[in-house]
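First the structure, in the form of structure tokens, and then the observations on it.
Everything quoted here is computed from the prediction, not taken from an experiment.
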Amino acid sequence: MAHVNAFDTITLINEIIRNSSDPQTHQRYSSCTMDYTDVLLALSQAKESYSSGNYSDMNFNAAVVTKDVKDCDIKAYDSSQVRINNQYLADFSMIIMILSDFLAGKY
């Protein structure tokens, strides 16, 4: 579900870029696209880390997701839908971090 949300968010960001003539808006949202490229990679790596039992790496990748969506959130101050999607992914990555700590025996 996180991947679907991330893809939907990239689609939304690209739509914002296409519909805006403001160069600053293009720059901010293009940067968000790069953030979300990292999000997709980190989610894939977290899944691989889970499959291999590398829970510390799983936690690290979830933290990358949190950082990148927060970075995008700052840039997307004028889009409530992007910010809602960012919050969803931040919450989801927090769940991954808690789960990885649990699986690693930290709880």
| Pairwise side-chain contact, Tyr88 with Thr9, heavy-atom cut-off 4.5 Å (strictly under) | no
| field | Closest non-hydrogen atom pair, Ala42 against Asn61 | value | O-CB, 3.4 Å
| field | side-chain contact (heavy atoms from CB on, under 4.5 Å) assessment of Ile10 paired with Val39 | value | CA-CA 10 Å; Ile10 288 173; Val39 164; over 6 Å; no
| query | Taking the side chain as C-beta and beyond, is there a heavy-atom pair between Tyr36 and Val69 under 4.5 Å? | reply | yes
| Asp73 side chain vs Asn86 backbone, donor-acceptor pair below 3.5 Å | no
| field | Backbone of Ala76 reached by a side-chain donor or acceptor of Ser79 within 3.5 Å | value | no
| query | Remaining members of Val64's ILVMFWY cluster at a side-chain heavy-atom cut-off under 4.5 Å? | reply | Phe60
| request: Only counting residues at least two apart or in another chain, list the ones meeting side-chain contact (heavy atoms from CB on, under 4.5 Å) with Leu99. | output: Met58, Leu103
| request: Measure the spacing between CE of Met1 and CZ of Phe92 and express it to the nearest 0.5 Å. | output: 8.0 Å
| At what distance, to the nearest 0.5 angstrom, does CG of Asn59 lie from CG of Asn54? | 10.5 Å
| remark: By side chain to side chain donor-acceptor pair (under 3.5 Å), Asp38 pairs with (sequence neighbours left out) none
| field | Note, Phe102 side chain near Tyr55 side chain (heavy atom, < 4.5 Å) | value | no
| remark: Residue pairs passing the disulfide bond (SG atoms under 2.5 Å apart) test with at least one member in residues 77-107, sequence neighbours excluded, are none
| request: State whether the side chain of His26 and the backbone N or O of Ser20 hold a donor-acceptor pair below 3.5 Å, judged by distance alone. | output: yes
| Considering residues, nucleotides and ligands other than Gln81, do more than 12 of their heavy atoms fall under 6.0 Å from its CD? | yes
| remark: To the nearest 0.5 Å, atom CD of Gln24 lies from atom CG of Asp78 at 11.0 Å
| said: Checking Asp71 now: which residues fulfil side chain to side chain donor-acceptor pair (under 3.5 Å) with it, not counting sequence neighbours? | reply: Lys67
| task | Sort and list the pairs that fulfil disulfide bond (SG atoms under 2.5 Å apart) and have at least one residue in residues 65-107, not counting sequence neighbours. | result | Cys32-Cys72
| message | The criterion is side-chain contact (heavy atoms from CB on, under 4.5 Å); which residues satisfy it with Asn19, sequence neighbours excluded? | response | Glu15
| message | Using the side-chain contact (heavy atoms from CB on, under 4.5 Å) criterion, which residues pair with Ser30? Sequence neighbours excluded. | response | Ile17
| message | If you apply the rule side-chain contact (heavy atoms from CB on, under 4.5 Å), what do you find for Asp35 with Lys70, and how did you get there? | response | CA-CA 9 Å; Asp35 292 331; Lys70 286 183 179 182; over 6 Å; no
| said: So which atom in Val65 and which in Leu89 form the shortest heavy-atom distance, rounded to 0.1 Å? | reply: CG1-O, 4.1 Å
| message | Quick check for you: to the nearest 0.5 Å, what is the distance between Ser100 atom OG and Ile96 atom CD1? | response | 8.5 Å
| Roughly how far apart are Thr33 OG1 and Lys75 NZ, rounded to 0.5 Å? | 9.5 Å
| Test: Arg18 cationic atom under 6.0 Å from Tyr29 six-membered ring centre, within 45° of axis | no
| note | Rounded to the nearest 0.5 angstrom, the CD1-CG distance for Ile84 and Leu12 is 10.0 Å
| So do the side chains of Gln45 and Asp57 get within less than 4.5 Å of each other, counting heavy atoms only? | no
| query | What pairs with Asn14 under side chain to side chain donor-acceptor pair (under 3.5 Å), at least two apart in sequence or on another chain? | reply | none
| note | Sorted by chain and number, sequence neighbours left out, side chain to side chain donor-acceptor pair (under 3.5 Å) with Thr11 holds for none
| field | CA sep, side-chain torsions, deciding dist, call: Ile16, Val82, side-chain contact (heavy atoms from CB on, under 4.5 Å) | value | CA-CA 10 Å; Ile16 291 169; Val82 171; 3.9 Å; yes
| field | Any residue meeting side-chain contact (heavy atoms from CB on, under 4.5 Å) with Glu48, in chain and number order, not counting sequence neighbours | value | none
| task | If a pair satisfies salt bridge (Lys or Arg N to Asp or Glu O under 4.0 Å) and one of its residues is in residues 90-105, list it, with sequence neighbours excluded. | result | Asp101-Lys106
| Is there a donor-acceptor pair under 3.5 Å between the side chain of Thr66 and the backbone N or O of Ala62? | yes
